[in-house]
K.L.:
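Here you go, one structure.
Basis for what follows: all heavy atoms, side chains included, without hydrogens, waters or symmetry-related copies.
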Amino acid sequence: METIADFEVQYSQFLSPEGKPSADIPALATDTEKLLDMYRLMTETRVFDTKAINLQRTGKLGTYASCLGHEAAHVGIAAAMRPDDVLAPSYREYGAMLCRGVTMAEILLYWGGDERGSDYAGPRNDFPLCVPIATQCLHAAGAAMAFQLRGEDRCAISINGDGGTSEGAFYEAMNVAGARNLPVVFMVVNNKWAISVPIEMQTATKTLAQKAVAAGIPGIQVDGNDIIAVRHWVERALQRARNGEGACLIEAVTYRLSDHTTADDSSRYRKKEEVEAARTVEPLIRIRQYLTDLGIWDEQKEAALLDEAAAKVDAAVEQYLHTPKPDIESMFDHMYAQWPEQLEEQRQHAIRYGSTDGGSHG
Amino acid sequence: METIADFEVQYSQFLSPEGKPSADIPALATDTEKLLDMYRLMTETRVFDTKAINLQRTGKLGTYASCLGHEAAHVGIAAAMRPDDVLAPSYREYGAMLCRGVTMAEILLYWGGDERGSDYAGPRNDFPLCVPIATQCLHAAGAAMAFQLRGEDRCAISINGDGGTSEGAFYEAMNVAGARNLPVVFMVVNNKWAISVPIEMQTATKTLAQKAVAAGIPGIQVDGNDIIAVRHWVERALQRARNGEGACLIEAVTYRLSDHTTADDSSRYRKKEEVEAARTVEPLIRIRQYLTDLGIWDEQKEAALLDEAAAKVDAAVEQYLHTPKPDIESMFDHMYAQWPEQLEEQRQHAIRYGSTDGGSHG
Amino acid sequence: MRNSANTRFDMAAPMGAHMAEVTLIDALTMAMAWELEHDPRVIVLGEDVGVNGGVFRATAGLQQKFGVDRVQDTPLAEGMIAGISIGMAAQGMRPIAEIQFMGFIYPTVDQIINHAGRMRNRTRGRLTCPMVLRAPFGGGIHAPEHHSESTESLFAHMPGVRVVIPSSPTRAYGLLLAAIRDPDPVVFLEPKRIYRLNKQDVEDNGKALPLDVCYVLREGSDVTVVTWGAMTFETLKAVDQLARKGIRCDVIDLATISPIDYETILESVQKTGRLVIVHEAARTCGVGAEIAAIVAEKGMYDLQGPIRRVTGYDVVMPLFRREMDYMPSVGKIIDVIQESLED
Amino acid sequence: MRNSANTRFDMAAPMGAHMAEVTLIDALTMAMAWELEHDPRVIVLGEDVGVNGGVFRATAGLQQKFGVDRVQDTPLAEGMIAGISIGMAAQGMRPIAEIQFMGFIYPTVDQIINHAGRMRNRTRGRLTCPMVLRAPFGGGIHAPEHHSESTESLFAHMPGVRVVIPSSPTRAYGLLLAAIRDPDPVVFLEPKRIYRLNKQDVEDNGKALPLDVCYVLREGSDVTVVTWGAMTFETLKAVDQLARKGIRCDVIDLATISPIDYETILESVQKTGRLVIVHEAARTCGVGAEIAAIVAEKGMYDLQGPIRRVTGYDVVMPLFRREMDYMPSVGKIIDVIQESLED
Ligand SMILES: Cc1ncc(C[n+]2csc(CCOP(=O)(O)OP(=O)(O)O)c2C)c(N)n1
Ligand SMILES: Cc1ncc(C[n+]2csc(CCOP(=O)(O)OP(=O)(O)O)c2C)c(N)n1
Ligand SMILES: [Mg+2]
Ligand SMILES: [Mg+2]
């Protein structure tokens with residue numbers, strides 16, 4: 001027998017859970033402006049998330065998928081992107097979206113049951129939140145193909161979870177991206193759980209990064225709680241893609257500290273101790289410590305940041321709560337560019353019966 | 001960076017294209033009874049295939065997918081199986097089917113447009129030919145799950161082509177088989193072409209065997225023109241599965257010497273020289289040479305085998321051509337175990353208008 | 001022509017032993033537990049059906065009771081779930097596969113139309129496909145995007161596949177048992193809005209109800225109203241209000257969406273001369289169209305006026321701030337029934 | 001209410017420059033070539049569409065002419081083809097994706113219903129999905145298993161998705177151009193049995209025909225016959241035979257299957273009082289049901305008798321030794337039209 005191919009999966013972490021450098025740090029790790037910016041976004045994301053859960057609990061928001069614990073992975077991805085790159089997220093990557101320019105009010109509108117939440121003033125070409133798992137991987141590949149065909153210096157990134165790596169669409173997207181050398185990065189945010197299904201039941205693979213081998217593209221695993229590692233490797237991946245070297249897969253290992261959504265009760269299927277242990281390695285602690293060690297962060301700054309974040313979130317909530325219901329006819333008016341007259345009767349029927357009651361969001 | 005996982009893909013060949021041992025040969029290679037049996041099946045398969053193409057050309061068979069050049073891969077797979085294992089083939093694995101006990105007349109009936117061709121007298125639990133590419137991988141995984149649940153000492157095997165490895169279903173099947181440790185073997189018969197799409201355009205991977213890495217199961221590449229290699233490794237894989245060690249993937253590299261089907265003209269998209277080169281390494285030559293070198297084969301035996309095979313094929317063709325059309329009501333009668341009376345009117349309508357003309361197969 | 005003569009059921013169940021006051025979803029759990037208990041070929045599989053008992057709790061307690069083999073969490077891939085179920089069914093098992101929401105059922109379409117519905121026919125009965133594909137469907141629970149659709153008609157168009165929708169705890173229990181025992185594939189769609197809307201005494205006696213027949217929920221001679229799933233609730237409310245004005249309707253719960261028991265519908269239309277169909281799915285090519293077509297074909301001379309449909313609109317199900325404006329409401333149904341009486 | 005007043009076309013095309021006698025499939029190739037030539041956003045992709053020019057040769061010569069970027073062979077995965085097309089379309093391209101046969105279109109269903117048809121609405125028009133999904137469909141060419149189905153109604157039920165089926169070279173050219181240019185997704189189904197059945201003079205002038213309207217192929221006042229795709233041929237044969245007996249039918253080619261131009265159908269039924277629908281797909285929940293339902297709703301008082309459907313049966317399309325027994329034949333159509341006149 002002859003060995004005809006071999007593959008390795010590497011793991012990268014720059015900051016230990018305690019916030020100490022654990023490897024040769026990249027330039028990014030000394031760029032204080034970038035670091036502070038990312039930390040601010042991570043914090044705002046967390047404050048936003050906490051508020052959103054409260055809104056849901058008090059009947060002011062629909063079912064909501066928390067991002068608690070994913071802040072480094074999400075912000076790190078978006079921070080590595082250029083504005084005219086395109087993001088195809090799944091459904092809980094608010095850190096990435098906020099970083100890209102989507103507003104908190106838009107995110108709330110979406111989970112508050114209003115399509116206008118996906119009509120971002122911000123990144124006009126980003127794909128909206130995507131609920132059907134892993135389907136967005138193909139959209140990212142398609143976007144990348146559009147950029148390639150037009151000779152544009154742009155990349156696409158899709159994000160899905162560990163559970164999403166079981167869907168055929170995920171492999172199909174990686175395979176075509178490999179075969180056509182597309183400028184796309186597939187991010188897998190492995191938070192260890194797909195609702196109640198732990199990663200060990202999802203797949204027999206030791207890593208999710210190794211799934212790249214099936215597509216002939218590079219795969220790497222990074223500590224998803226280390227924003228420096230996430231951003232660094234996503235930047236490298238985008239660089240490769242822009243250089244015409246094609247696609248790759250990055251697995252960011254983190255943990256879902258919250259329930260799956262506000263409709264879930266994770267105490268049914270996982271141990272408190274596991275969650276408690278994960279809490280000690282969560283992403284904000286370590287970057288905060290690192291910034292403190294660098295001498296550019298302190299408790300005062302932290303308090304100020306939290307205040308600012310709270311104010312921002314409150315303003316967004318106000319805006320959200322005061323957005324009146326969409327017009328009844330809006331469910332018809334965005335269906336087609338060329339309105340089929342055939343449907344006008346239905347439209348009129350809907351208007352005739354249209355509810356005008358308040359603007360309940362819950 | 002730390003290496004956290006590594007993988008190798010091995011290649012195995014025992015017989016060189018010239019029929020000389022090219023590695024330490026396994027016990028199988030000296031079991032003359034088995035060897036002769038396999039060679040007979042390969043030859044019968046080829047004679048059958050040639051005849052089927054003729055039938056199509058003369059209007060006596062529908063579109064037909066030739067297996068020319070795949071005989072070692074197909075027969076080798078089935079020869080490794082036990083009768084009560086289950087095969088989920090794709091659409092051109094006649095060598096495997098004949099070896100399993102499906103009759104030539106049944107195969108002709110199928111391609112002659114008659115459902116009874118899939119009602120094998122032979123392996124009652126084998127899945128029929130499967131046209132929607134790669135869907136059968138999931139059936140094999142499901143069959144394996146049934147065996148596992150019932151504690152039966154049985155395995156399932158699916159076969160798909162190189163093109164089929166691009167379908168999500170292929171990865172989904174491997175992944176669940178890995179995750180649930182199912183007794184199933186995924187065979188990829190890589191004949192280098194998916195109709196007009198060459199393997200290089202299908203995927204960026206160097207091998208198809210490495211796609212197993214994505215499922216955390218072993219993958220190996222074998223010379224698919226070497227029936228000893230195919231059978232040996234499939235036997236090993238089945239052994240592993242029976243021992244509770246789970247699934248694996250075997251890529252058998254061969255070449256499609258014919259057009260894709262009788263409806264295809266491969267001269268449109270591939271070079272004559274490539275086909276000619278492949279002809280020199282085709283599977284019958286080498287095993288015949290090897291048997292000759294072993295002193296158990298000669299031209300006389302060859303001539304006798306060809307005569308016998310021709311007679312067998314002719315008898316099957318006769319049987320096929322004399323099978324009258326299925327009853328018109330048969331299109332209704334096998335739809336449901338419990339006949340919905342609602343459909344009786346349609347059934348009567350069909351019978352009223354039923355054609356009774358001849359039994360044209362073409 | 002109907003498989004069973006006794007198909008007239010009220011919302012109440014008969015009295016008996018092991019009676020329990022249960023919701024529709026409880027009744028489904030009971031039916032699965034009964035069958036797991038009595039038929040070793042039955043297994044339950046899907047995403048989160050194990051420890052978690054399903055995101056709606058339809059399989060709650062089943063894994064604890066029957067073990068991890070009989071009640072299996074799967075990796076996250078619906079096409080896979082359908083495909084391995086077909087493989088198992090063809091090899092003698094009776095899988096009950098759960099798709100978490102109907103919005104995620106589409107990756108199964110290939111396996112269901114190209115294999116499940118064809119296995120028996122294409123092998124002339126050598127291999128068969130006795131499986132159930134369960135999925136909650138429908139709107140009205142303020143769910144996120146893709147969680148509120150009703151696309152039963154896609155499956156109703158597939159030959160060889162039965163589509164069944166219960167609308168009460170009693171029928172949930174009896175129809176799911178029938179679906180599991182049926183030797184052919186059944187897509188079993190569960191109106192999640194009424195999972196817990198009311199309770200009925202359901203006897204846990206393992207008795208299945210007949211498939212392929214309608215259930216008559218109200219009798220009246222003025223208008224025939226055909227509906228199914230959660231819409232039976234709006235429809236009954238509408239009809240009960242009209243009854244107070246002296247308008248009496250036949251209310252028919254279709255129950256088996258495919259094949260349709262059109263005899264029961266035609267008999268009713270013969271009596272009433274008027275037909276209103278209520279469904280939540282988008283109108284165009286919904287199952288209501290088929291019912292209308294059958295009656296326009298076979299019951300035309302009984303009709304005293306146009307056939308009317310009260311349905312979802314031909315638009316994407318709106319996110320929840322406007323979803324109730326999409327759905328057929330009691331008011332819309334009342335108006336259409338009254339209109340039909342003006343013909 | 002119709003988008004265009006001038007929708008009455010004969011099988012013959014107007015005279016002009018660049019006229020060529022072409023088959024339906026040639027006309028499709030011409031339309032794609034025109035659009036590739038004139039719109040840099042257009043690309044063609046699919047399995048074997050490149051060097052091989054498609055298994056039916058619909059894309060023959062296009063890669064040679066426009067290069068491997070504009071006319072791309074893809075890996076073998078239909079869900080992927082649909083998904084990347086959506087991604088491209090949302091980012092400003094105009095992909096024309098080929099699915100090799102309709103029997104392999106089902107892996108695209110998830111992407112088409114959950115994304116293509118929703119993209120515009122769910123982003124309030126921020127992102128759109130101007131793509132065409134082409135697929136040959138239908139029986140009667142002695143093809144292998146899974147190569148002969150007609151399941152247009154699955155797509156017709158999807159809000160936000162247009163479904164278009166041409167039935168002549170002229171309409172193939174004009175409707176495909178319109179589909180490519182439409183800012184929304186179009187499932188474009190090609191009746192492969194008539195790919196090469198006859199020729200017409202088609203002017204290669206880049207002129208699209210209107211979508212969302214029917215085309216009237218014959219005029220008569222006795223019976224309205226609605227059909228589409230390959231069945232227009234059987235229907236015209238039947239109608240022409242009946243014409244010799246003095247029976248005159250309106251023959252309406254539906255052309256856009258969704259949304260349905262019901263005004264044209266209703267106008268015709270108003271004149272004839274009789275409606276026969278002919279389609280190859282299985283009957284239950286086929287598009288014929290929707291047409292019948294609309295007429296039973298809006299044209300009831302014009303009807304002089306039951307609406308009738310001549311369709312494929314509710315069974316799996318038989319393998320080819322029996323496929324013609326499955327299909328609506330000229331004889332079946334004639335009988336039903338005559339029956340309808342006896343009402
Ligand atoms: C195709 C599909 N199937 C099922 C669901 C229901 N569902 C929503 S989230 C989820 C688990 C996803 O897990 P993972 O991919 O790990 O992402 P995470 O939620 O952990 O971020 C499931 C099953 C869905 N949204 N889409
Ligand atoms: C899902 C699906 N898509 C497309 C086809 C049409 N088709 C038939 S064979 C084929 C190529 C298959 O190539 P490969 O998997 O390499 O198998 P081979 O024919 O070479 O044995 C295609 C595209 C199909 N049968 N099923
Ligand atoms: Mg997860
Ligand atoms: Mg191949």
K.L.:
State, yes or no, whether a side-chain contact exists between C/E78 and A/E167 at a heavy-atom distance under 4.5 Å.
P.N.:
yes
K.L.:
Restricting to non-hydrogen atoms, name the atom on C/P144 and the atom on A/W111 that form the minimum distance, rounded to 0.1 Å.
P.N.:
CB-CZ3, 3.9 Å
K.L.:
If you tally heavy-atom pairs under 4.5 Å against chain A, which of C/T74, C/V51, C/T311, C/N52 wins?
P.N.:
C/N52
K.L.:
Between C/K332 and A/H349, what is the shortest heavy-atom contact and its length?
P.N.:
CD-CE1, 3.7 Å
K.L.:
Atom CG in A/L343, atom OH in C/Y313: separation rounded to 0.5 Å?
P.N.:
12.0 Å
K.L.:
So for C/V316, is it side chain, backbone, both, or neither that comes closer than 4.5 Å to the heavy atoms of chain A?
P.N.:
both
K.L.:
If only atom types and distance count, is the side chain of C/D48 paired as donor or acceptor with the main-chain N or O of A/S196 below 3.5 Å?
P.N.:
yes
K.L.:
Is it the side chain or the backbone of C/Y106 that comes within 4.5 Å of chain A heavy atoms, both, or neither?
P.N.:
neither
K.L.:
I'd like to know whether C/V315 forms a side chain to side chain contact (heavy atoms under 4.5 Å, CB included) with A/R347, so could you lay out the CA-CA distance, the side-chain angles of the two residues, the decisive distance to 0.1 Å, and finally the verdict.
P.N.:
CA-CA 10 Å; C/V315 301; A/R347 187 167 171 274; over 6 Å; no
K.L.:
How many angstroms lie between atom CD of C/Q100 and atom CD1 of A/I133, to the nearest 0.5 angstrom?
P.N.:
8.5 Å
K.L.:
I need the minimum non-hydrogen distance between C/A77 and A/S166, along with the two atoms involved.
P.N.:
CB-O, 3.3 Å
K.L.:
Considering only heavy atoms, which portion of A/Y110 lies under 4.5 Å from any heavy atom of chain C: side chain, backbone, both, or neither?
P.N.:
both
K.L.:
Could you tell me whether a side-chain N or O of C/R321 sits under 3.5 Å from a main-chain N or O of A/P326, the two making a donor and an acceptor?
P.N.:
no
K.L.:
Sort C/E323 into side chain, backbone, both or neither according to what part of it lies under 4.5 angstrom from a heavy atom of chain A.
P.N.:
neither
K.L.:
Looking only at heavy atoms and a cut-off of under 4.5 Å, which of A/D264, A/V197, A/I328 has the most pairs with chain C?
P.N.:
A/I328
K.L.:
Between atom CG of A/D327 and atom CZ of C/R322, what is the distance when rounded to the nearest 0.5 Å?
P.N.:
7.0 Å
K.L.:
If you round to the nearest 0.5 Å, how far is CD of C/E145 from CG of A/L129?
P.N.:
8.0 Å
K.L.:
Give a yes or no on whether the backbone of C/L319 and the side-chain of A/E115 come within a donor-acceptor separation of less than 3.5 Å.
P.N.:
yes
K.L.:
How long is the straight-line distance from CD of A/E345 back to CG of C/D314, given to the nearest 0.5 Å?
P.N.:
11.0 Å
K.L.:
For residues 199-212 of chain A, give me every residue with a non-hydrogen atom less than 4.5 Å from any non-hydrogen atom of chain C.
P.N.:
A/M201, A/Q202
